[in-house]
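Convention: sequence-line order gives letters A, B, ...; per-chain numbering from 1. Because only heavy atoms are used, hydrogens play no part in the values below, and waters and symmetry mates are left out as well, while side chains stay in.
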Amino acid sequence: MKRYWLMKSEPSEVSVDDALKARGQTVAWVGVRNYQARNFMRDAMQVGDGVLFYHSSCAEPGVVGVAEVASTPYPDDTQFDAKSKYFDAKATQENPRWMMVDVRVLEKTRLLPLAELRAQEALEDMLILKRGNRLSITPVTAEEWRCIDRLLHK
DNA sequence: GCCAACGTTGGC
DNA sequence: GCCAACGTTGGC
């Protein structure tokens, strides 16, 4: 069963344009340091799952592209790199703590802003719109996906 | 296991 | 820069 996800990225780190220009058209989703988000990548994602590419912590937060999961999970090497801001002293090669997947952007869309998402009755239960939600990776239902797909292409 | 303190996220 | 909300840490 194909599943759907929303993945946040700060455009100052990796924008949808950066991801499109990436060599091989896939980007490794480095830097996730939250257990729930890691578990989604490690335990639930399948190659081919749909991904909404979301820009966060920026002037115009919102969905900016459609992507897909492009790899099975594997260790995020930045956890072993003492010079990386994602370094984790408690992680070892034998026992990696942080996993990630590769993501391939299939399409850069128009910017679908947060306010427009909030205006949709069909999206009222969407996790990203819940008060106080900060999870960088959240599951999206098939219904939510269809609704957003329509909005992106209208 | 509790919980206060602290750090981070992220919209505004 | 502000601040609400949440996750993590660490002393007990």
By side-chain contact (heavy atoms from CB on, under 4.5 Å) - contacts of [X] (at least two apart):
| X | value |
| --- | --- |
| A:A22 | A:V27 |
| A:L6 | A:K8, A:L52, A:Y54, A:V63, A:M126, A:I128, A:T138, A:V140 |
| A:K83 | A:D81 |
| A:E13 | A:E10, A:K85, A:Y86 |

Protein-nucleotide distance ([X], atom [atom1]; [N], atom [atom2]), rounded to Å:
| X | N | atom1 | atom2 | answer |
| --- | --- | --- | --- | --- |
| A:R131 | B:dT9 | CZ | C1' | 16 Å |
| A:H55 | B:dG11 | NE2 | P | 12 Å |
| A:L6 | B:dG10 | CG | P | 11 Å |
| A:N133 | B:dT9 | CG | P | 14 Å |
| A:I137 | B:dG10 | CD1 | P | 11 Å |
| A:L111 | B:dG11 | CG | P | 12 Å |
| A:K130 | B:dG10 | NZ | P | 18 Å |
| A:L129 | B:dG10 | CG | P | 14 Å |

* Asked: Would one find a side-chain N or O of A:K8 under 4.0 angstrom from OP1 or OP2 of B:dT9?
  -> no
* **Short N-O contact, A:K154 and A:E116, less than 4.0 angstrom** =>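 A salt bridge links A:K154 with A:E116.
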* **the helix from B:dG1-C:dC12 to B:dC12-C:dG1: angle between end helix axes, five pairs per end, rounded to 10 degrees** =>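 Roughly 10° between the end axes, to the nearest 10°.
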Please enumerate all protein N or O atoms sitting under 3.5 Å from an N or O of nucleotides 3-8 of chain B, with distances to 0.1 Å.
residue, atom, partner, partner atom, Å
B:dT8, O2, A:R134, NH1, 2.5

* Asked: Mind checking what makes salt bridge (Lys or Arg N to Asp or Glu O under 4.0 Å) contact with A:D17, not counting sequence neighbours?
  ->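 Applying salt bridge (Lys or Arg N to Asp or Glu O under 4.0 Å) to A:D17 gives A:K108.
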* Flag the pair A:T109 / A:V66 as yes when at least one side-chain heavy-atom distance between them is below 4.5 Å, and no otherwise. => yes
* **All pairs passing side-chain hydrogen bond (donor to acceptor under 3.5 Å, both in side chains) where residues 63-77 of chain A contributes a residue, at least two apart** =>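 Qualifying pairs: A:R33-A:D76, A:E68-A:R104, A:Y74-A:D102, A:D76-A:T78.
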Below 3.5 Å, can you tabulate the donor-acceptor pairs from side chains in residues 90-101 of chain A to any protein atom, sequence neighbours excluded?
residue, atom, partner, partner atom, Å
A:T92, OG1, A:N95, N, 2.9
A:R97, NH1, A:Y35, OH, 3.1
A:W98, NE1, A:D88, OD2, 2.8

* Structure fact -> Between A:K90 and A:Q36, the residue closer to the 5' end of DNA chain C by nearest nucleotide is A:Q36
